[in-house]
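Data first, discussion second: the structure below is written as structure tokens.
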Amino acid sequence: MSALEDRLRRLILDHGPISVARYMTLALAHPDLGYYARRDPLGSSGDFITAPELSQLFGELIGLALVQHWLDQGRPRHVAVCELGPGRGTLMADALRAAEVVPEFGAAMTVHLVETSPALRERQAATLSGLPVHWHDELAGVPSDRPLLLFANEFLDALPVRQFVRRSGNWHERLVGVDDDGALRFVTSPRATPFPQAVGGIDERLAEGALLELGPAREALVEAIAARLVPQGGMALLVDYGSDTPVMTGDTFRAVSRHAAADPLLAPGKVDLSAHVDFRAIAVRAMSVGALAYGPLGQGEFLGRLGIAQRLRRLLGNASPEQCAALESGFDRLVGANEMGDLFKVLALTAPDGPAPPGFMQHERRQ
Ligand code: SAH
């Protein structure tokens, strides 16, 4: 049993079942016992691997996209480059290295990392040593008086979701309780939840037993990003696992440990937890405050349009046979069908008067 599991059991026995969102927040972000608090979960020896850890091509193309957008905006004198949930700092390091092709961009930017994990902050400091980087617990700490160039990879999927089950025409929240043996298990609240405001527009005809997942924390964060882009300009690139359907139903709450699926209730604090991002919902929230939303595009398509194949060829020209093999396998996983190439999606946000984001076409703007 994990130490956190014991705490959660006592909390639930004392106060009653907790929401999936509360469980996810405590399991991932508890200051002492949360999954991200003390460990670096990334890489082949960890629990999961992300695009920037697979290949430098990913971060380099993001960096070039930021520079391109800065140029398209008329080279603003000051710009805040910001990453949410930077992991090991690899994506930011690759992006900034590629961005050096335009030295004026380097002179205009300040770099901001939004990260809560002390262990990962240390790791980021090592990766980005020598660079003037600022850390923040929340987006609110990032300067808002200048254009923002923000990106986040596999960050929104770690923000908590709430789940509701359809019963006799009502919605009942799915909660985490404790069974007679003391194990954590899912229960359904006997009380109907007054239709949560965020669910507005959900199809009332959803079948008995249907499960609805909502990401209020994600939506609020995306709205806050959009509310900065609207007056100041800039762009946000949000990359994640998820879908873009009118109503997203079904349980996508998952645990991963050592590169394999795990039980999300079995060892809180020791396994990674995530849920798919509802791209439609976050795009709608961004547009509700006046930002433009483009896509989402499949990651493979997006990187293809940014020139990943050409960049790969250039790197292969100067690489050893081992480096060539690693570059090619990273490329295949980043863009491949049934790999990250179509499982991951990229949503872009801009100001209403901003140029289209690199990699997106005008007609891909959502209405
Ligand atoms: N973007 C990185 C890492 C993804 S893992 C990559 O692509 O490799 C998720 C990251 O988000 C970690 O750095 C984790 O510590 C951070 N994180 C998770 N929840 C957070 C929160 N609520 N606030 C800030 N950072 C968070």
Side-chain angles (χ1 to χ4, degrees), residues 21-63 81-96 111-128 133-142 150-161 215-222 224-225 236-242 254-257 259 268-269 271-277 299 303 330 333-334 340 343-346:
R22 179 108 195 267
Y23 176 80
M24 210 172 156
T25 302
L26 291 170
L28 290 180
H30 186 285
D32 308 316
L33 303 171
Y35 177 72
Y36 282 115
R38 300 256 163 261
R39 81 188 74 217
D40 168 9
L42 292 149
S44 49
S45 58
D47 288 324
F48 59 97
I49 189 144
T50 57
E53 299 301 328
L54 273 176
S55 172
Q56 69 191 78
L57 292 163
F58 184 77
E60 289 175 351
L61 289 166
I62 300 267
V81 172
C82 175
E83 181 175 4
L84 309 178
R88 291 179 166 178
T90 310
L91 170 46
M92 183 60 91
D94 292 339
L96 295 182
V111 180
H112 303 271
L113 305 178
V114 176
E115 174 62 70
T116 41
S117 159
L120 286 170
R121 278 189 181 202
E122 253 178 58
R123 186 75 203 233
Q124 292 151 19
T127 309
L128 297 163
V133 177
H134 307 271
W135 277 269
H136 310 274
D137 288 330
E138 294 177 338
L139 178 68
V142 177
L150 177 145
F151 52 96
N153 182 55
E154 292 210 51
F155 172 77
L156 294 175
D157 69 348
L159 298 187
V161 291
R218 285 174 191 157
E219 290 176 26
L221 176 70
V222 170
I225 295 168
L237 294 173
L238 304 173
V239 188
D240 234 303
Y241 211 84
R254 299 271 183 278
V256 164
S257 175
H259 303 270
V271 297
D272 184 43
L273 298 176
S274 66
H276 291 193
V277 172
Q299 175 175 300
L303 295 175
R333 288 186 66 185
L334 287 184
M340 287 179 173
L343 298 175
F344 280 76
K345 298 189 170 55
V346 186

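Atoms within a ligand are numbered from 1 in the order they appear, just like the ligands themselves. All values reported here derive from a predicted model rather than from experimental measurement.
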Any atom of ligand 1 sitting under 4.0 Å from a heavy atom of [X]?
| X | answer |
| --- | --- |
| Leu28 | no |
| Pro52 | yes |
| Leu159 | yes |

List the closest protein heavy-atom neighbour of [atom]: residue, atom name, distance to the nearest 0.1 Å.
| atom | answer |
| --- | --- |
| atom 5 (S) of ligand 1 | Tyr36 OH, 3.6 Å |
| atom 17 (N) of ligand 1 | Phe155 CE1, 3.9 Å |
| atom 7 (O) of ligand 1 | Asn153 ND2, 2.8 Å |
| atom 6 (C) of ligand 1 | Thr50 OG1, 3.4 Å |

Beyond-backbone contact of [X] with [Y], side-chain heavy atoms, under 4.5 angstrom:
| X | Y | result |
| --- | --- | --- |
| Leu150 | Leu238 | yes |
| Met92 | Pro86 | no |
| Tyr241 | Ser274 | no |
| Phe58 | Thr50 | no |
| Arg88 | Asp40 | yes |

Practice prompt. Below 4.0 angstrom from a heavy atom of Ser117, which ligand 1 atoms are there? Numbered from 1 as shown, please.
Written response: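 Every atom of ligand 1 under 4.0 Å from some heavy atom of Ser117: 15 (O).
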
Discussion item. As a test of understanding, state which of Arg121, Gln124, His136 forms a side chain to side chain contact (heavy atoms under 4.5 Å, CB included) with Leu113.
Written reply: Gln124

Worksheet entry | Considering all heavy atoms, the nearest Pro52-Asp94 contact | O-OD2, 4.3 Å

Worksheet item: For the residue pair Gln299 and Ala51, what are the closest heavy atoms and their distance?
Response: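 The answer is NE2-CB, 4.3 Å.
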
Out of [options], indicate the one that has the non-hydrogen atom closest to [atom].
| atom | options | answer |
| --- | --- | --- |
| atom 21 (C) of ligand 1 | Leu91, Leu42, Thr116 | Thr116 |
| atom 9 (C) of ligand 1 | Glu154, Glu115, Met24 | Glu154 |
| atom 1 (N) of ligand 1 | Ala152, Gly43, Ala37, Gly85 | Gly85 |

Worksheet item: Is there at least one pair of N or O atoms, one from Gly87 and one from ligand 1, spaced under 3.5 Å apart?
Response: yes

